[in-house]
Participant: 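This is the structure I want to talk about, given as structure tokens.
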Number of protein chains: 2
Amino acid sequence: MTGQVRTVDGRVAGRRGQETRQKLLDCLREMLSTSPYRDVKVIDVARMAGTSPATFYQYFPDVEGAVLEIAEEMAEDSGGLKELVDGKSWAGKTGFTTSEELVDGFLAFWRKNDAILRVVTLGAAEGDKRFFKIRMKVLNSVAAPLTEAVRNNQGKTDKTVEAPAVAGALVSLLAAAAEHGKAFTSWGVKVKDLKPNLALQVYLGVTGKKPPK
Amino acid sequence: MTGQVRTVDGRVAGRRGQETRQKLLDCLREMLSTSPYRDVKVIDVARMAGTSPATFYQYFPDVEGAVLEIAEEMAEDSGGLKELVDGKSWAGKTGFTTSEELVDGFLAFWRKNDAILRVVTLGAAEGDKRFFKIRMKVLNSVAAPLTEAVRNNQGKTDKTVEAPAVAGALVSLLAAAAEHGKAFTSWGVKVKDLKPNLALQVYLGVTGKKPPK
DNA sequence: ACTTGTCCTGTCATGTCGTCAGCTTACAGC
DNA sequence: GCTGTAAGCTGACGACATGACAGGACAAGT
């Protein structure tokens, strides 16, 4: 799909080149999770990868370009989140389990891609269309199947509910919790209570009913 | 409270100095709303303010230091958000109006301080305690009185509801909507429907009941 | 060993960062 | 008005990041 990997000046990268490129991406990822985005410098990434800045510029136009690469990879990976909702039942106790597993999976994914998602979120907020698109791809991998779930469940009881809006709000809440979990604990939500609380919100949003005890 | 304004090397700033300092802050604020945070350079801010980079470093340790200054100013300003909830009624139609006005006021505040809040949010997500504290101050100016509102209303009908958690979730949702409004429209929520939808969510969260028609 | 095309780096011009000595300006005390 | 002192500002500088290029190193096939 992506075609061949190419250098900035148009050459096709071979085996060795791709390895170097990948190492640079890995080091950048590492860098992003240990330093503020603003302070990530090409020279540091290159040093960590045991190569020179010039090599970095062979494969990427700049730091942002490389970040986009990582972000796109992550967005591909996010497709797996669909399985947390697709084909799951929302009835009774099983439904609440579905909700719990969704919350669990989503938070795990976010934590795993913590650093890159921070940058993507910033870029999207700053109005960069490329980052916005990537962020939407991640959120939609949950929001889309969740919209169906809302339509099939809550829809039965209340026709006035706009399924995409509800699903969007729920996903936004999950993203907020994942990104700023500390805020919730400082509001007195105990760490171990965060997931159950979110699961409850999701269950309520999807079914429009309180969960069975 | 803040004592006297001082330069980095400890001198107290006089009238002219404070003017220069303020002009630098204003230009930085402007800069933040027109360029990506990563690309905001001291030299550009100084140029825009008609002064030299060296002058900038007289008043601020670095860009981040100046940003913190702006952010703290904004956090002070956020105290006014309390009035959107404090002493308001949540009963019947009046209650829904309260909810609408809260949503309106919150979104307006966020839009007004768009650029700086983006940076604060990033800093908080990156684990910087100073930015986290500022972000909490802004969110709490709504979350705190909202917690009381939840306790006084929903609390009556359902003792199991954790008021701070509900208020926190609502504020998080508002922040997400403010920061990533475009995401909601791309989920098919019409621009004019966003505020009513949020108002509905808030009303539901606080009272636990559907609003009167 | 030679050729070919990929891969990497030394080096350079440009520009930013952050600091400092030193010049200019404001002002209080006489 | 004169002078001393502190505030205010900048030119200049060393250190470092950026981005481009030419050319050397390397692997693979002949």
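Keep in mind it's a predicted model, so treat the numbers as computed, not measured. Naming convention: chains lettered A, B, ... in sequence-line order (proteins, then strands); numbering from 1 in each chain.
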Participant: Among the candidates D:dA17, C:dC8, D:dC9, find the nucleotide nearest to the side-chain atoms of B:Thr55.
Facilitator: D:dC9
Participant: Which nucleotide, C:dC17, D:dG19, C:dC20, lies nearest any side-chain atom of A:Tyr57?
Facilitator: D:dG19
Participant: Testing the 3.5 Å rule here: is there a donor-acceptor pair between the side chains of B:Asn140 and A:Trp187?
Facilitator: yes
Participant: Any side-chain heavy atom of A:Phe56 within less than 4.5 Å of one from A:Thr51?
Facilitator: no
Participant: Atom CG of B:Asp39 and atom C1' of C:dC17: how far apart are they, to the nearest Å?
Facilitator: 16 Å
Participant: Can you measure B:Arg47 atom CZ to D:dG11 atom C1' for me and round it to whole angstrom units?
Facilitator: 15 Å
Participant: Hey, does the side chain of B:Thr20 come within less than 4.0 Å of D:dC9's phosphate (OP1/OP2), counting only N and O?
Facilitator: yes
Participant: Taking atom C1' of D:dT18 as reference, at what distance in whole Å does atom CG of A:Asp44 sit?
Facilitator: 13 Å
Participant: Does one side chain, of B:Asn152 or B:Glu148, offer a donor that lies under 3.5 Å from an acceptor on the other?
Facilitator: no
Participant: When the distance from CG of B:Leu24 to P of D:dC9 is rounded to whole Å, what number comes out?
Facilitator: 9 Å
Participant: Heavy atoms from C-beta onward define the side chain here; which of D:dG11, D:dT18, D:dC9 lies closest to that of B:Tyr59?
Facilitator: D:dC9
Participant: Rounded to the nearest angstrom, tell me the gap between atom CZ in A:Arg21 and atom P in C:dC8.
Facilitator: 12 Å
Participant: Before accepting this row, confirm whether a basic side-chain N of the pair A:Asp26/A:Lys23 lies closer than 4.0 Å to the acidic partner's carboxylate O.
Facilitator: no
Participant: How many Å lie between CZ on B:Arg38 and P on D:dT18, as a whole number?
Facilitator: 7 Å
Participant: Of the nucleotides C:dT9, D:dT10, C:dC17, which has the atom closest to the B:Ala54 side chain?
Facilitator: D:dT10
Participant: When you measure from the side-chain N and O atoms of A:Thr51 to the phosphate of C:dT9, is any distance below 4.0 Å, counting only OP1 and OP2?
Facilitator: yes
Participant: Is a salt bridge present between A:Arg130 and A:Glu64, judged by a nitrogen-to-oxygen distance below 4.0 Å?
Facilitator: yes
Participant: For B:Gln58 and C:dC17, what is the distance between atoms CD and P respectively, to the nearest whole Å?
Facilitator: 17 Å
Participant: Please state how far atom CZ in B:Phe56 lies from atom P in C:dG18, giving the value in whole angstrom units.
Facilitator: 9 Å
